[in-house]
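The block underneath contains the structure these notes are about, expressed in structure tokens.
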Amino acid sequence: FPETAQQAYRIYQDGLKRLPKDRLLATNFVFTVDRWAMSAGDAGDWAEAVRIYDLGLAQMPNDSGLKRNKKYAEQMKTKGK
């Protein structure tokens, strides 16, 4: 999944550069970032999950879901889970 998610991330990122107000692209971008980061977290790699959320937030800095989920990943990373 991570390789596929990276590809989708790049496609949506490019699409949002061209169509920054497209809500469907934005929704799919956030979903892709979240699923990609969750797959890292499921594997116990919380540092990677935080990194992925940072990538998403660089594109969508005001997304509350990405912010919330990054905070959770940071907490899990700190706990060493």
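- Among pairs with a residue in residues 53-67, those fulfilling salt bridge (charged side-chain N to carboxylate O under 4.0 Å, His left out) read Asp54-Lys70, at least two apart in sequence or across chains.
- Of all the heavy atoms in Thr32 and Ala5, the pair that sits closest is CG2-O, 3.7 Å.
- Residues passing the side chain to side chain contact (heavy atoms under 4.5 Å, CB included) test with Arg10 are Gln6, Gln7, sequence neighbours excluded.
- Listed by chain and residue number, nothing satisfies the side chain to side chain contact (heavy atoms under 4.5 Å, CB included) test with Ala43 (two or more places apart in sequence, or in another chain).
- Scanning both residues, Ala37 and Ala49, for their nearest heavy atoms gives O-CB, 3.5 Å.
- Annotation: salt bridge (charged side-chain N to carboxylate O under 4.0 Å, His left out) contacts of Arg18 (sequence neighbours excluded): Asp14.
- Taking Tyr72 as the reference, Trp46, Gln75, Met76 meet the side chain to side chain contact (heavy atoms under 4.5 Å, CB included) condition, with sequence neighbours excluded.
- Across all their heavy atoms, Ala26 and Leu16 have their closest contact at N-CD2, 3.8 Å.
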Audit row: Val30, Tyr12, side-chain contact (heavy atoms from CB on, under 4.5 Å) steps and yes/no: CA-CA 9 Å; Val30 169; Tyr12 288 126; over 6 Å; no
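- Residues Met60 and Phe31 fall into different hydrophobic clusters, defined by Ile, Leu, Val, Met, Phe, Trp and Tyr side chains chained together at heavy-atom separations under 4.5 Å.
- Residues passing the salt bridge (charged side-chain N to carboxylate O under 4.0 Å, His left out) test with Asp22: none are found, sequence neighbours excluded.
- Every residue two or more places apart in sequence or in another chain that forms a side chain to side chain contact (heavy atoms under 4.5 Å, CB included) with Gln13 is listed here: Tyr9, Lys17, Phe29, Gln59.
- Within the model, atoms CG of Leu57 and CG of Leu66 stand 5.0 Å from one another, a figure rounded to the nearest 0.5 Å.
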Run the numbers on Val33 and Leu55 for side-chain contact (heavy atoms from CB on, under 4.5 Å), then give the verdict. CA-CA 8 Å; Val33 169; Leu55 289 173; 6.0 Å; no
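- Listed by chain and number, the residues in a salt bridge (charged side-chain N to carboxylate O under 4.0 Å, His left out) with Arg51 are Glu48 (sequence neighbours excluded).
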For side-chain contact (heavy atoms from CB on, under 4.5 Å), just list the numbers for Thr4 and Trp36, CA-CA rounded to whole Å, side-chain angles, deciding distance to a tenth of an Å, and then say yes or no. CA-CA 9 Å; Thr4 303; Trp36 182 18; over 6 Å; no
